[in-house]
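This one's a predicted model, so the numbers in the text were calculated from it and none came from an experiment.
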Amino acid sequence: MLFLSMLVLGGIIGFVGAGGGGVVITLLVVGFGVPIHQALAVALGSMAFTTLSGAVSHYREGEVVPCTGFVIGAGGLVGALIGAVISNHIESGNLSLFTGLMLESSAFLLYLRIYQAEWLERHIHVRAELLMGRPLYIYGSLTGLLCGILAGAFGIGSAAYIQIALMVVFGVPLLQAIGTTMMIIVPISISGGIGYLLYGQFEPVIFLQTLVALSVGSYFGAKLTHLAPRAVLRFFIVALPAVGGLIMVLFR
């Protein structure tokens with residue numbers, strides 16, 4: 001049942017293209033009773049593999065800013081390990097609540113980016129050129145550290161936070177921000193997964209079922225993306241983390 005459920009969820013995530021990573025945690029915890037810490041470990045481990053292929057693809061298409069991604073990713077690597085340590089000292093009920101709230105905040109940011117793009121352009125100054133030199137290393141390290149801690153502690157890739165930071169603070173165009181975000185999430189996911197592994201929270205059987213099912217499901221789901229109206233895709237990108245977060249908060 002776990003494999004089949006993840007296969008369906010993978011198809012939905014592949015079909016929509018984004019917004020469903022946090023629902024993996026919700027399905028494991030609420031649907032199958034997996035302890036929250038193990039669910040976070042599985043989610044981070046799966047994310048490391050699923051984002052790696054995407055990051056390589058974006059890099060080949062020239063849709064990655066390597067220097068910016070490396071600086072933020074290095075900070076994220078350290079932050080995710082710290083976040084995993086913090087998470088393992090948080091009681092399960094509280095951790096489920098915090099994870100649910102993180103999902104809701106991610107859904108809100110996605111809503112603003114997708115449905116309120118004009119409002120954002122009027123109220124938030126987006127940097128016109130790439131941030132370089134010493135400011136890049138200072139702000140990049142701090143941004144990576146913070147996003148890494150959030151991802152490591154709550155199992156969420158912080159993609160929405162990273163993308164907005166890349167565009168607003170670091171001057172990365174939208175298309176390159178998407179690819180660079182994938183590059184940054186790879187070291188964050190690996191480091192966070194290692195953190196949970198060190199605490200004995202990594203369950204290999206659940207991880208393998210989840211990884212294989214998500215990979216297969218998302219592969220076939222992605223082939224159907226072009227068939228859906230754009231409005232439907234936009235709705236589900238926001239709805240998936242919003243519903244997942246609400247379930248985590250209500251049924252923890």
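Atom CG of Leu97 sits about 9.0 Å away from atom CE of Met248, to the nearest 0.5 Å. Going from atom OG1 of Thr180 over to atom CD1 of Ile185 covers 11.0 Å, rounded to the nearest 0.5 Å. For the atom pair Met47 CE and Leu40 CG, the distance stands at 9.5 Å (nearest 0.5 Å). Going from atom OG1 of Thr210 over to atom CG of Leu7 covers 11.5 Å, rounded to the nearest 0.5 Å. Expressed to the nearest 0.5 Å, how far CE of Met6 lies from CG of Leu214 amounts to 6.0 Å. A distance of 12.5 Å separates CD1 in Ile164 from OG1 in Thr143, rounded to the nearest 0.5 Å.
Contacts of Ala107 classified as side-chain contact (heavy atoms from CB on, under 4.5 Å), with partners at least two apart in sequence or in another chain: Pro241, Ala242. By the side chain to side chain donor-acceptor pair (under 3.5 Å) test, Glu203 is found to be paired with no residue, residues two or more places apart in sequence or in another chain being considered. Looking at residues two or more places apart in sequence or on another chain, you find a side-chain contact (heavy atoms from CB on, under 4.5 Å) between Leu198 and Ile194. Taking the side chain to side chain donor-acceptor pair (under 3.5 Å) definition, one finds that Tyr111 meets it with Gln116, sequence neighbours left out. Residues forming a side-chain contact (heavy atoms from CB on, under 4.5 Å) with Leu197 (at least two apart in sequence, or on another chain): Phe202. A search for side-chain contact (heavy atoms from CB on, under 4.5 Å) contacts involving Leu208 returns nothing, not counting sequence neighbours. Residues meeting the salt bridge (Lys or Arg N to Asp or Glu O under 4.0 Å) test with Glu129, sequence neighbours left out: Arg127. When the side chain to side chain donor-acceptor pair (under 3.5 Å) test is applied to Ser141, no partner is found at least two apart in sequence or on another chain.
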Determine all donor-acceptor pairs shorter than 3.5 Å in which one atom belongs to a side chain in residues 62-86; sequence neighbours excluded.
| from | atom 1 | to | atom 2 | distance (Å) |
| --- | --- | --- | --- | --- |
| Glu63 | OE1 | His58 | ND1 | 2.6 |

Could you tabulate the donor-acceptor pairs under 3.5 Å formed by side-chain atoms of residues 26-37, not counting sequence neighbours?
| from | atom 1 | to | atom 2 | distance (Å) |
| --- | --- | --- | --- | --- |
| Thr26 | OG1 | Gly244 | O | 3.1 |
| His37 | NE2 | Ser87 | O | 2.9 |
| His37 | NE2 | Ile90 | O | 3.3 |

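When all heavy atoms are compared, the tightest approach of Ala43 to Ile25 is CB-CG1, 3.5 Å. Across every non-hydrogen atom of Glu91 and Gly93, the tightest pair is OE1-N, 2.9 Å. Residues Cys147 and Ile162 come closest through the heavy atom pair SG-CG1, 3.8 Å.
For residues 75-110, the pairs satisfying ring pair (Phe, Tyr, Trp, His ring centres under 6.0 Å) are His89-Tyr199, with sequence neighbours left out. Every pair passing side chain to side chain donor-acceptor pair (under 3.5 Å) that includes a residue from residues 99-108 is listed here, sequence neighbours excluded: Ser105-Tyr161.
Tyr196 places a side-chain N or O within 3.5 Å of a backbone atom of Gly152 that can act as its donor or acceptor partner.
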